[in-house]
There are 2 protein chains.
Amino acid sequence: MVTTKDIAAHLQLSVSTVGRALADDARISEQTKVRVRQAASELGYVGNRAARMMRGASSNVVGLVIPDVRNSFYSTIAHELSAIMAGEEYQLMLAETFDDRLIERRHLRELSASHAAGVVIAPTPNPHGDSVNLLRGMPHVQLLRRHASLGGQWFGLDDQRALQDATAHLLELGHTRIAYIGASEDLPTGRERLEGYTQALLADGIPPASDLVELGPPASPEHAKEAIRRLLNHPTPPTAVVLGSVQHTVGLLDAALEIGIEVPSELSVVGFGDQSGFSWWGPGLTTISLPIGDVATSCGLWFIRRLNNPPAGNDPYESVSAGWLVPRGSTAAPRAESRKRSA
Amino acid sequence: MVTTKDIAAHLQLSVSTVGRALADDARISEQTKVRVRQAASELGYVGNRAARMMRGASSNVVGLVIPDVRNSFYSTIAHELSAIMAGEEYQLMLAETFDDRLIERRHLRELSASHAAGVVIAPTPNPHGDSVNLLRGMPHVQLLRRHASLGGQWFGLDDQRALQDATAHLLELGHTRIAYIGASEDLPTGRERLEGYTQALLADGIPPASDLVELGPPASPEHAKEAIRRLLNHPTPPTAVVLGSVQHTVGLLDAALEIGIEVPSELSVVGFGDQSGFSWWGPGLTTISLPIGDVATSCGLWFIRRLNNPPAGNDPYESVSAGWLVPRGSTAAPRAESRKRSA
DNA sequence: CTGAAAGCGCTAACAC
DNA sequence: GTGTTAGCGCTTTCAG
């Protein structure tokens, strides 16, 4: 291992001069700087981060704290951030929480103990008080999900508008009994999405019916499977359903094939997010496509800049990206019989 | 930050005694150890890893070097490893190579410079000499892919058998003109898979035809799209196709819908791997399901054990897991006309 | 059994 | 402009 000492000996200089030259200190002559830099690259000098960290510097590690990387939303995010970080000499630490606030806390402790340069986090529904404190001590930004206690820096989606558009699409087709299966309200995104669904109905003068709303854990396809069974056993079943999470969409698509629901004649379906395979399903899934990759990229670039030149204050910053409806075959006007029945 | 010095002061001991007690040194009395341990936990002492690293210790970081985490194979692996590592006080560093050996080298340099505890790697087709040397200096294990120069520790799939089984399934149905679209031969897994395909044909007395084999970059769905067009424009087109990579499978499924290929009547298809959505596609995709999660788990557990008690030698260790055929609707006997034509 | 002291590589105060 | 020195928290001689 080549150290500053080696360079100093090689050039008959003191370690401090070498250190200063490498740090581009104003007090060092240009000539010396050049000599030092050259010697450093010749000898293959690589700064010892452990030593720097002992002097209070932070590491080049950025933590990515997310529920589950198998979810295509989060693997896309991991990919985009990893690519950006690698280009900027940062390393990405992967930390999965499974929506468990204690696991989340453990990861944040670990990141804090290792003097992480920063944290990008999609928080659990209700982060632990310790987690809030730990994050206060590290530069961080929230992604997709947000929790007021974790500060005002956030990059996310317009969740309300996404569901509003999805629901409006079904209303335009003539549906009136529209069900919603989505993430529970303890998640901020869950609240927003439910609100979008509700608002769209109200805008059309349709009172939201609580027996058409099925909320559950966002990471569970099973919830959607059970929910759709319940909904279809209803005396006057819905003629359409809107999904409020990727995993619920996956669950519903599986269930529809298992049960043998006829889409769109028996039931129209609007999915959430657009991943490989949604276009293959049955007549093609009409869905809300969301620019996850772009959100992650913006977030990554913004965060890097912040890490490289830390701002004095901690001004809130929000970025909201909108999705768009991708019409495919899974939505159609309700059958006459259904319309009559629901009238 | 609580240090050993603080504990020493608190207990009227020297730092060395505290350090030794925490390291469970034999020379320290049991009583002192107990006192020290108690004080440590009371004061909330957390060892400073930077300081330890300066003394030559390695970090608790395990690098995961893979082509692209958006690929479901690799996101599954990232997930399983991350879960195992978190439980053992290790942290998982995500490093994507995009099958570029220079990016791979950069990641390995970074991991080496940060004294990573170890590396789990799915190597690029032909790793750089520097990468080989860097890995020699770190505990490591190869996953899925293997390269002889990177040592004999490897966890992977029985690639040859997977393709042999897939091809045999089509032969049993009566196909004789069976095409193969898969990863290029510079990838060890690519060679194995092609070999499996070839062997199955030979076992049935059918000479492999080079114009039915389409090799290309494994991460590119586009390659499969172009390949299937070429194959179908053939004067005597194949009646069936076997895929030799997940991305090629995705590409082919997309292309089949775009072009409007009738599956299985016009073309039988056997996919590679089984991910969410494959069962939705058309009549359901017959495919080779592969136990990626299990392979990753075994690999993770084995590697952790190795990190915790490093063995004297570096004996080779190989673990091969087999996949299995999942028959669905995308394969059927060839049409009489096809059979006649190819006869 | 325990303590004192040195040193890992780097940076920052303090000289000149 | 450059050199000297001290110290970050820990482990590890070397003394007792």
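Quick note on labels: first sequence line is chain A, next is B, and so on, each numbered from 1.
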Closer than 4.0 angstrom, basic N to acidic O: yes or no for B/Arg49 and A/Glu110? yes
Charged N to carboxylate O under 4.0 angstrom, B/Arg306 versus B/Glu88? no
Looking at every strand, decide which applies to B/Ser16 at a 4.0 Å heavy-atom threshold: base, sugar-phosphate, or nothing. base
Just verifying a value: how many Å separate B/Arg136 CZ and B/Ser131 OG, rounded to the nearest 0.5 Å? 11.5 Å
Could you tell me the separation between the CZ atom of B/Arg35 and the P atom of C/dC1, rounded to a whole number of Å? 15 Å
hbond_proxy B/Arg20 side chain to C/dG3 base (donor-acceptor, 3.5 Å cutoff): yes
When the nearest nucleotide of DNA chain C is assigned to B/Met54 and to B/Thr17 on a heavy-atom basis, which residue is associated with the more 5' position? B/Thr17
Has A/Thr3 got a side-chain N or O lying under 4.0 Å from the OP1 or OP2 atom of C/dC8? no
Give a yes/no on whether any side-chain N or O of B/Thr4 is located under 4.0 angstrom from OP1 or OP2 of D/dC10. yes
In this structure, which one of A/Arg109, A/Arg106, A/Arg101 forms a salt bridge (charged side-chain N to carboxylate O under 4.0 Å, His left out) with A/Asp130? A/Arg109
Side chain of A/Lys5 (C-beta onward), nearest among C/dC8, D/dG9, C/dT11: C/dC8
Quickly work out the B/Glu30 CD to C/dT2 P distance and round it to whole Å. 11 Å
Rounded to the nearest angstrom, tell me the gap between atom CE in B/Met53 and atom P in D/dT11. 13 Å
Can you label the angle between the A/Phe155 ring and the A/Tyr317 ring as parallel, tilted or perpendicular, going by 30° and 60°? tilted
Take the protein atom CZ of B/Arg52 and the nucleotide atom P of C/dG7, then report the distance between them rounded to whole Å. 22 Å
Counting the atoms with a prime plus P, OP1 and OP2 as sugar-phosphate, which does A/Arg27 contact under 4.0 Å by heavy atoms, base, sugar-phosphate, or nothing? base
To the nearest Å, how far apart are B/Arg55 CZ and C/dG7 C1'? 7 Å
Distance, rounded to the nearest Å, where A/Asp24 contributes CG and C/dT11 contributes P: 13 Å
By nearest atom, which of the nucleotides C/dT2, D/dT2, D/dC10 is closest to the B/Ala51 side chain? D/dC10
Comparing B/Leu13 and A/Val46 on DNA chain C - which has the more 5′ nearest nucleotide: B/Leu13
